[in-house]
Amino acid sequence: MTTTHQRLREIPYNYTSYSDREIFIRLLGEPMWQLLEELRAERKTGRSARMLFEVLGDIWVVDRNPYLVDDLLDNPKRLSALVEAMRHRLNEVEKRREGNEKVGLMIVAAHQAVDRFEQQFAETRALRAAILKKLSRFTRKDNILFDGLARVSHVTDATDWRVEYPFVVLSPDTEEEIAPLVKACIELGLTIIPRGGGTGYTGGAVPLDRMSAVINTEKLNLHNGVEYVDLPGLEGKQATIQCGAGVVTARVAEAASAAGLVFAVDPTSAEASCIGGNVAMNATAKSRTVGHHAG
């Protein structure tokens with residue numbers, strides 16, 4: 001068996017930024033990785049290790065592909081066949097272990113990983129149903145998105161840092177829907193991630209927990225144009241633009257310009273970033289110092 005230093009990828013289908021070691025630990029735990037290293041040193045690995053890596057590869061490729069998750073949710077027989085194939089490989093490893101206790105421990109851990117993989121589908125179905133029932137009281141059902149495309153589209157921002165796919169993506173139609181949706185997500189135990197244009201370079205919109213709900217605010221894209229209002233602590237009426245969180249930054253600049261004013265921020269992502277993100281992340285780039293300001 002070649003060593004991990006000689007082969008960077010032993011787990012099939014691993015085209016992700018995670019190393020084999022990271023995947024192994026995520027699925028089987030750190031103690032099992034240490035056990036594998038001991039078996040390598042004893043030259044007790046070979047065909048059995050390859051079959052174990054094939055099982056981990058099957059689990060990993062599904063975990064990292066929401067389209068495959070959807071397919072298996074829709075086809076229970078296909079899921080059963082996949083799980084049966086995994087167990088068959090592990091049973092073949094069991095036949096070859098020749099009483100080796102370390103290999104036995106590895107097989108037990110792998111069977112537990114397969115159990116978790118299979119159970120995850122039933123849990124996903126149940127949680128999706130619970131989320132849909134609870135959140136559809138506050139927004140349209142087609143604003144509650146579980147499909148692969150929605151999850152893939154919200155797994156990262158401009159950093160392209162991919163950690164976990166969100167469990168659900170919410171796309172509310174109005175600001176009035178936001179507060180009850182947030183409250184309901186908290187009650188469901190979901191981590192909440194607000195997101196606009198997804199142009200951030202700080203990872204602020206990247207889910208770090210599988211049980212995450214991304215609230216996409218791009219539909220909240222209305223503004224009232226420039227209005228002159230009294231503001232606390234300032235004398236005279238001030239130029240303001242009341243915006244929804246999803247208003248694109250450039251649209252605010254255009255509205256200010258049409259009124260003979262300057263919106264004094266200049267992010268390079270102005271044609272894609274949103275006001276909500278500009279405010280939340282203090283992302284204004286270099287400020288302009290000429291002309292009047294629209295707040």
Side-chain angles (χ1 to χ4, degrees), residues 4 8-30 33 56-70 113 116-117 120 124 127 131 144-172 181-182 185-186 188-220 245-246 248-250 265-286:
T4 29
L8 297 178
R9 287 288 191 266
E10 292 179 287
I11 295 180
Y13 319 121
N14 183 17
Y15 306 109
T16 67
S17 58
Y18 287 85
S19 67
D20 282 356
R21 176 182 177 276
E22 290 171 317
I23 295 170
F24 197 101
I25 290 173
R26 280 171 69 98
L27 297 180
L28 300 189
E30 176 80 36
W33 176 260
L56 300 184
D58 285 345
I59 294 175
W60 185 248
V61 74
V62 173
D63 277 351
R64 301 305 292 180
N65 190 323
Y67 299 106
L68 292 180
V69 171
D70 288 346
R116 289 192 297 271
F117 173 80
Q120 184 174 295
T124 295
L127 184 54
I131 289 173
I144 305 168
L145 308 170
F146 300 105
D147 62 280
L149 179 59
R151 297 176 64 212
V152 167
S153 300
H154 293 78
V155 69
T156 188
D157 54 14
T159 63
D160 201 34
W161 185 37
R162 299 162 191 264
V163 182
E164 294 285 353
Y165 288 91
F167 192 88
V168 62
V169 176
L170 307 177
S171 184
L181 285 175
V182 167
C185 284
I186 292 172
L188 288 162
L190 296 171
T191 297
I192 300 167
I193 301 171
R195 178 192 174 98
T199 61
Y201 282 101
T202 62
V206 176
L208 301 180
D209 189 316
R210 176 176 173 270
M211 301 307 296
S212 297
V214 171
I215 300 180
N216 187 310
T217 62
E218 289 179 290
K219 289 183 184 175
L220 311 181
V248 174
T249 308
V265 301
D266 190 23
T268 55
S269 60
E271 290 291 345
S273 63
C274 299
I275 289 298
N278 296 159
V279 174
M281 305 303 296
N282 193 28
T284 58
K286 60 181 183 295

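Scanning for side-chain hydrogen bond (donor to acceptor under 3.5 Å, both in side chains) contacts around Ser269 gives Ser273, with sequence neighbours left out. For Phe167, there are no ring-ring contact (aromatic ring centres under 6.0 Å, His included) partners at least two apart in sequence or on another chain.
For the pair Asp58 and Val62, the minimum side-chain heavy-atom distance is 4.5 Å or more. Between Thr124 and Arg210, the closest side-chain pair of non-hydrogen atoms falls below 4.5 Å. Between Cys274 and Thr217, the closest side-chain pair of non-hydrogen atoms is not below 4.5 Å. Between Pro207 and Val214, some side-chain heavy-atom pair lies under the 4.5 Å cut-off. Residues Ile144 and Leu170 form a side-chain contact, since some pair of their non-hydrogen atoms from C-beta on lies under 4.5 Å apart. Asp209 is not listed as a side-chain neighbour of Glu164, based on a closest heavy-atom distance of 4.5 Å or more. Residues Ile131 and Leu190 are in side-chain contact: their nearest non-hydrogen atoms beyond the backbone lie under 4.5 Å apart.
His154 contributes atom NE2, which lies 10.5 Å from atom CD1 of Ile193 (distance to the nearest 0.5 angstrom). Going from atom CG of Asp63 over to atom OG1 of Thr16 covers 11.0 Å, rounded to the nearest 0.5 Å. We find the CG-OG distance between Leu181 and Ser171 to be 10.5 Å, quoted to the nearest 0.5 Å. For the atom pair CG (Leu56) and CZ (Phe117), the distance works out to 11.5 Å, reported to the nearest 0.5 Å. The CG atom of Leu188 lies 8.5 Å from the CE atom of Met211; values are rounded to the nearest 0.5 Å. Once rounded to the nearest 0.5 Å, the distance linking CD1 of Ile23 with CH2 of Trp33 reads 10.0 Å.
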(request) Could you give me the CA-CA distance, side-chain angles and deciding distance for Arg21 and Glu30, then say whether salt bridge (Lys or Arg N to Asp or Glu O under 4.0 Å) is met? (result) CA-CA 9 Å; Arg21 176 182 177 276; Glu30 176 80 36; 3.7 Å; yes
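Side-chain atoms of Asp147 come within 3.5 Å of backbone N or O of Ala150 as a donor-acceptor pair. Arg64 contributes no side-chain N or O that, together with a main-chain N or O of Asn14, makes up a donor-acceptor pair within less than 3.5 Å. Between the Thr159 side chain and the Thr202 main chain, no donor and acceptor come within less than 3.5 Å of each other.
Counting all heavy atoms, side chain and backbone alike, Thr249 lies closest to Val265 at CG2-CG2, 4.2 Å. The shortest non-hydrogen separation linking Leu28 to Ala113 is CD2-CB, 3.7 Å. Closest of all the heavy-atom pairs between Val182 and Ile215 is CG2-CD1, 3.9 Å. The minimum heavy-atom distance between Gly204 and Asp157, with the atom names listed, is N-OD2, 3.6 Å. The nearest pair of heavy atoms linking Trp161 to Leu208 is CH2-CD2, 3.8 Å. Minimum interatomic distance between Asp70 and Gly148 (heavy atoms only, all atoms of both residues): OD2-N, 2.8 Å.
Test Tyr15, Tyr13, Tyr18 against Trp60 for ring pair (Phe, Tyr, Trp, His ring centres under 6.0 Å) and you get one pass: Tyr18.
Donor-acceptor pairing under 3.5 Å is lacking for the side chains of Arg195 and Ser153.
With a 6.0 Å radius and a threshold of 12 heavy atoms from other residues, nucleotides or ligands, Tyr201 has its OH atom at or below the threshold.
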